[in-house]
Amino acid sequence: MNYWLFKTEPDDISLDDIKAAKTKGLRWDGIRNYQARNFLRDQLAIGDGIFIYHSQCKAVGIVGTAEVTRAAYADPAQFDPNSKYFDAKATTDRPRWFCVDIRYTGTLKNLLPLSQLKVDPALSDMVLIKQGRLSIQPVTLMEWRHIQTLAAD
DNA sequence: GCCAACGTTGGC
DNA sequence: GCCAACGTTGGC
């Protein structure tokens, strides 16, 4: 069992949208960054825990949790010429991009703003803090637990 | 909307 | 295979 952080722009997909999808869950598609893709394809497993992080909005930070309900499969959008995620170089034999399905598991009592995460010594090695521009990233068990504790306060 | 960070593309 | 140009992410 591993832990992850997914960034999303709430104007596009918010935690509420994930919640509204209930147990049938949501396809997490449109990942077009190789580093994020490799995590998706090679490491995300059913049952893995996910922090949902809102970016590009007023309240930037971790808002809730979700879990993986289906491991990586070829992202159908790459084959759809009408999709903004279409990739002419991808074929069904050799898909380039992958997606997973996730479902809502909870909303944090308090949104944990990036500003707070940044100054927390226990989180100084977090990928979120050390590297920008990565929409799917690993979270250590220690970080996962620490953030859960912060959220419970 | 600005701009820094950084990944990707493409000419050579 | 180098590296400049370019595009995207994402905080502020």
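In the text below, chain A, chain B and the rest are named by the order of the sequence lines, each starting its count at 1.
- The CG-P distance, from Leu134(A) to dC6(B), rounds to 12 Å in whole Å.
- Atom CG in Asp12(A) sits about 11 Å away from atom P in dT9(C), given to the nearest Å.
- In this structure, Ile31(A) places its CD1 atom 14 Å from C1' of dT8(C), rounding to the nearest Å.
- Take the nearest nucleotide of DNA chain B for Gln131(A) and for Gln56(A): the residue whose nucleotide is more 5' is Gln56(A).
- Neither OP1 nor OP2 of dT9(C) sits under 4.0 Å from any side-chain N or O of Lys7(A).
- Here the two rings, on Tyr73(A) and Trp97(A), have centers that are 6.0 Å apart or farther.
- Whole-Å rounding puts the Gln35(A) CD to dT8(C) C1' distance at 14 Å.
- One can place CD of Glu9(A) at 9 Å from C1' of dT9(C), the figure rounded to the nearest angstrom.
- The closest donor-acceptor contact from the side chain of Glu143(A) to the backbone of Thr140(A) lies under 3.5 Å.
- Taking atom CD1 of Ile62(A) as the reference point, atom C1' of dG10(C) lies 16 Å away to the nearest angstrom.
- Atom pair Arg133(A):CZ and dG7(C):C1' shows a separation of 9 Å (rounding to whole Å applied).
- For the side chain to side chain contact (heavy atoms under 4.5 Å, CB included) criterion with Leu44(A), the lone passing option out of Trp28(A), Phe98(A), Phe6(A) is Phe6(A).
- Using a 4.0 Å cut-off, some side-chain N or O of Lys118(A) falls inside it from OP1 or OP2 of dC12(C).
- If you measure from atom CG of Leu117(A) to atom C1' of dG11(C), you get 13 Å, rounded to the nearest angstrom.
- Taking only side-chain atoms of Tyr53(A), from C-beta outward, the nucleotide of dG11(C), dT8(B), dT9(C) with the closest atom is dG11(C).
- No engagement by Lys130(A) is indicated, since no non-hydrogen atom pair under 4.0 Å with the nucleic acid exists.
- Checking side-chain atoms of Lys109(A) against main-chain N and O of Ala151(A) turns up no donor-acceptor pair under 3.5 Å.
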